[in-house]
Amino acid sequence: MQFSAQGYIIKIRNHGEKSAIVTLVCPQYGKIVGYVQGALSKRNLGIYQLGNFVSFNAYARVEENMLSFKGVELVRSHTADFLLNSDKINALASLCRLIDECVAENDDLGRLYGAIDDFFANVHKDNWLVYYSFFEYYLLDFLGIGLDTGKCAVTGKKIDLRYISPKTGRAVCAEIGEPYKDKLYAYPYYIIEKNYTPQNNEIVNVLTMTGNFLNKNFLAQHNLHLPEKRADLLNVAQVYKIKL
């Protein structure tokens, strides 16, 4: 088994003194794990950083064996995007851990990969947290627990949708949801409309909502928890500014 590809580094685990087990996420192969000899040598430290986009050759003698990565080259470094910003580091750590824990090896990522790619492509912008929120929203969809935002769960109406039920993940129209609005999530308009300049409270709502569904419908069922650093992102969403 042998192939060449490109992907983002999402996990690095020491193996011996200078080698590592590296997890990558790729558009063609999804999440893959492989051994890299000498990955942690001084010469290679700039390559093996979370979020870096690399090209590589992968091979295994038989399909059941762990891959080995060779000829790894840095295509795009994202180290500078995170180096001096603890909030972005928390987002990076959260994204990488959620991919590692929620995605099985070689799964077809579909549009989730696009959301991952968008995050790294736009992390230098003021609205980087918006792109992170899109990632979590599409992660729900990838896991098969995506929200039903097309019509009201009670009336079947496709207009005036205003809320999302925290129990079912289904949309609720204004008429039905108004008496219970304090117990419902706000409808994620900016996600549906692909608007990348939402208000702060909209981002807080989406991150609160995706966190709840991820935890309840997947992580808790596998004795896992939301990444520790992710909690800080809700505080960031309340105060950070998007330059329009």
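This is a predicted model, so every value here is computed, not measured.
In this structure, Ser94 contributes its side chain and Ala91 its backbone to no donor-acceptor pair below 3.5 Å. Looking at Thr155, its side chain never comes within 3.5 Å of a backbone N or O of Cys152 through a donor-acceptor pair. The main-chain N or O of Asp100 is found under 3.5 Å from a side-chain atom of Lys31 such that the two form a donor-acceptor pair. Put simply, the side chain of Asn52 never gets that close to the backbone of Ile9: no donor and acceptor are under 3.5 Å apart. Without hydrogens or angle criteria, Asn205 side chain to Asn201 main chain gives no donor-acceptor distance under 3.5 Å. No donor-acceptor pair closer than 3.5 Å links the side chain of Lys151 to the backbone N or O of Leu161. Side chain of Tyr131 to backbone of Ile116: no donor-acceptor contact under 3.5 angstrom is found.
Between Phe135 and Tyr132, the distance from one ring center to the other falls under 6.0 angstrom. Aromatic rings from Tyr8 and Phe53 are positioned such that their centres are separated by under 6.0 Å. A distance of 6.0 Å or more separates the ring centres of Phe119 and Phe134. The aromatic ring centroids of Tyr180 and Tyr163 lie 6.0 Å or more from each other.
A donor atom on one side chain and an acceptor atom on the other are found under 3.5 Å apart for Ser41 and Asn44. Side chains of Tyr190 and Gln199: no donor on one and acceptor on the other come within 3.5 Å.
Environment of NE2 in His124: crowded, with over 12 heavy atoms of neighbouring residues, nucleotides or ligands closer than 6.0 Å. The environment of Glu228 atom CD is sparse: at most 12 non-hydrogen atoms of other residues, nucleotides or ligands sit within 6.0 angstrom. The local environment of CG in Leu45 is crowded, with over 12 non-hydrogen atoms from other residues, nucleotides or ligands closer than 6.0 Å.
Ion pair Lys157/Glu175 flagged as a salt bridge, since at least one NZ, NE, NH1 or NH2 atom sits closer than 4.0 Å to an Asp/Glu carboxylate oxygen. Ion pairing of Asp81 with Lys88 is absent here, as no side-chain N (NZ or NE/NH1/NH2) approaches a carboxylate O to less than 4.0 Å. Salt bridge Arg230/Glu136: present, at least one basic N to carboxylate O contact under 4.0 Å.
The shortest heavy-atom contact between Ala60 and Asn65 is CB-O, 3.9 Å.
Taking the six-membered ring where tryptophan is involved, the planes of Phe82 and His78 are perpendicular, since the angle between them exceeds 60° and thus also 30°.
Considering only heavy atoms from C-beta on, Phe3 comes within 4.5 Å of Leu67 through its side chain.
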### Message
Using side chain to side chain contact (heavy atoms under 4.5 Å, CB included), reason through Val236 and Trp128 one step at a time and then give a plain yes or no.
### Response
CA-CA 11 Å; Val236 176; Trp128 61 270; 4.2 Å; yes
### Task
Go through Phe56 and Phe69 one step at a time and tell me if the ring-ring contact (aromatic ring centres under 6.0 Å, His included) criterion holds.
CA-CA 6 Å; Phe56 60 93; Phe69 298 143; 5.0 Å; yes
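Applying the side-chain hydrogen bond (donor to acceptor under 3.5 Å, both in side chains) test to every pair with at least one member in residues 105-114, sequence neighbours left out, gives these pairs: Arg111-Asp141.
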Throw together a table of side-chain donor-acceptor distances under 3.5 angstrom for residues 14-25, partners on residues two or more places apart or in other chains.
unit_1, atom_1, unit_2, atom_2, d
Ser19, OG, Tyr35, OH, 3.2
Ser19, OG, Gly38, N, 3.1

